[in-house]
Amino acid sequence: MRRSVLILLLSIGGCSQYEMMYSGHVRRTESVETVGIEETQPPLTTPPKTTIRGDCKATVWISEIHADPKYVPDRQGEYIELYNPNDIPIRLNGWRISDQKRDGHTLRSSEPIQMAAQSYFVLGINANKNTNGDLPINYQYQRFNLSNTQDSVRLEDACGKLIQEVMYPAAWGLKKVRPGFAMELIPSKKRSTNRRWKRARNRLKSGERGTPGTGPWPITHQKARTMKPK
């Protein structure tokens with residue numbers, strides 16, 4: 001009799017313990033599965049940024065260089081002006097400027113760097129008009145400086161092809177750089193294929209001499225289209 005009661009109690013206790021464990025296991029499993037479903041939802045992603053490719057084999061000229069500002073610090077007022085003589089715009093993404101030591105900067109942006117047809121485009125070391133002498137900079141470059149004595153300005157397209165190189169002051173027909181004066185490329189009045197560098201005469205608000213983003217080069221668009229970079 002005692003043996004039967006003992007077996008019955010053990011049987012009841014065992015079933016009760018098993019049921020309790022199973023119930024708890026089910027609850028834990030449901031909880032884990034619920035969390036798992038929430039945590040494994042596909043994350044929100046943004047499409048990868050595409051690299052904007054610039055144009056290659058396009059005619060662009062270096063039309064003005066200000067290597068040694070006088071009234072504005074060099075690290076604020078240096079600039080290089082480009083000119084697009086074509087009838088279509090040119091995309092400058094991936095183009096590169098460098099110097100004699102091959103220090104340079106590659107033009108990059110998440111947006112197209114567009115130079116309009118028959119227009120100027122000014123690359124500057126500082127785009128802040130409050131500190132650069134009120135210069136109209138279209139693109140601000142970094143980690144690239146021009147020497148005050150002698151150097152070169154190299155322009156390469158998006159394919160790495162050298163478009164133009166200006167070694168100054170020899171290319172300007174000068175022995176030294178004159179502080180405060182930008183050098184402009186001027187076409188000859190007699191032959192459009194001839195051109196020479198001249199000191200800028202136009203005085204800017206800062207006292208510097210230059211015409212960044214404007215004339216006098218080229219004299220006419222027709223002459224500009226027939227000119228070839230030197």
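We number each residue from 1, following the sequence as shown.
Counting only N and O atoms by type, the side chains of Ser147 and Asp99 include no donor and acceptor under 3.5 Å apart.
Ser109 approaches Ile52 most closely through the heavy-atom pair O-CD1, 4.0 Å. The minimum heavy-atom distance between Ala58 and Trp95, with the atom names listed, is O-CH2, 3.9 Å. Between Pro169 and Thr149 the shortest heavy-atom distance is CD-O, 3.5 Å. Among all heavy-atom pairs drawn from Ala67 and Tyr168, the shortest one is CB-OH, 3.6 Å. Considering every non-hydrogen atom in both Met183 and Trp197, the closest pair reads O-CZ3, 3.4 Å. Of all heavy-atom pairs between Glu156 and Ser98, the closest is OE2-OG, 4.4 Å.
Side chain of Asn84 to backbone of Ser119: no donor-acceptor contact under 3.5 angstrom is found. The closest donor-acceptor contact from the side chain of Arg209 to the backbone of Arg201 lies under 3.5 Å. At distances below 3.5 Å, at least one donor-acceptor pair connects side-chain atoms of Glu208 with backbone N or O atoms of Tyr71. Counting only distance, with no hydrogens or angles, the side chain of Asp55 and the backbone of Arg91 share a donor-acceptor pair below 3.5 Å. Panel note: side chain Gln140, backbone Ala127; a donor-acceptor pair is recorded below 3.5 Å. Judged by distance alone, with hydrogens and angles left aside, the side-chain atoms of Asn132 form no donor-acceptor pair with the main-chain N or O of Pro136 at under 3.5 Å. With hydrogens and angles disregarded, no donor-acceptor distance shorter than 3.5 Å links the side chain of Glu64 to the backbone of Gly210. No donor-acceptor distance shorter than 3.5 angstrom exists from the side chain of Asn86 to the backbone of Ile88, with no hydrogens or angles considered. When atom types are taken as modelled, the side chain of Asn93 and the backbone of Ile113 share a donor-acceptor pair closer than 3.5 angstrom. In this structure, the side chain of Asp74 does not engage the main chain of Asp68 through any donor-acceptor pair within 3.5 Å.
Residue Ile97 holds its CD1 atom at 6.5 Å from CG of Leu107, rounded to the nearest 0.5 Å. Going from atom OG1 of Thr106 over to atom CZ of Arg96 covers 4.0 Å, rounded to the nearest 0.5 Å. With values rounded to the nearest 0.5 angstrom, Glu78 atom CD is found 12.5 Å from Leu123 atom CG. Rounded to the nearest 0.5 Å, atoms CD1 (Ile62) and OH (Tyr83) are 15.5 Å apart. Between atom CD of residue Glu81 and atom CD1 of residue Ile137 there is a gap of 10.0 Å, rounded to the nearest 0.5 Å. Separation of atoms CD (Gln150) and OG (Ser152) is listed at 10.0 Å; rounding is to 0.5 Å.
The aromatic rings of Tyr141 and Phe144 lie perpendicular to each other, with more than 60° between the two planes, well past the 30° mark.
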request  = Apply salt bridge (Lys or Arg N to Asp or Glu O under 4.0 Å) to the pair Lys198 and Glu184, showing each step before the final yes or no.
outcome  = CA-CA 5 Å; Lys198 292 184 63 176; Glu184 299 175 316; over 6 Å; no

request  = Verify side chain to side chain contact (heavy atoms under 4.5 Å, CB included) between Arg199 and Leu174, making sure each step is shown before the conclusion.
outcome  = CA-CA 10 Å; Arg199 290 193 181 102; Leu174 303 174; 4.0 Å; yes

request  = For side chain to side chain contact (heavy atoms under 4.5 Å, CB included), just list the numbers for Val60 and Phe121, CA-CA rounded to whole Å, side-chain angles, deciding distance to a tenth of an Å, and then say yes or no.
outcome  = CA-CA 10 Å; Val60 174; Phe121 193 90; over 6 Å; no

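Contact check for Leu135 versus Val72: no side-chain heavy atoms found under the 4.5 Å cut-off. Two residues are said to be in side-chain contact when any heavy atoms from C-beta on lie closer than 4.5 Å; Ile125 and Asn145 meet this criterion. Counting only heavy atoms from C-beta outward, the side chains of Ser63 and Gln164 never approach each other to under 4.5 Å. Using a 4.5 Å heavy-atom threshold, the side chains of Arg143 and Asp103 count as separate. Considering only heavy atoms from C-beta on, Thr59 comes within 4.5 Å of Pro85 through its side chain.
Tested against Arg154, the residues Leu162, Val166, Ile163 include a single side chain to side chain contact (heavy atoms under 4.5 Å, CB included) partner, Leu162.
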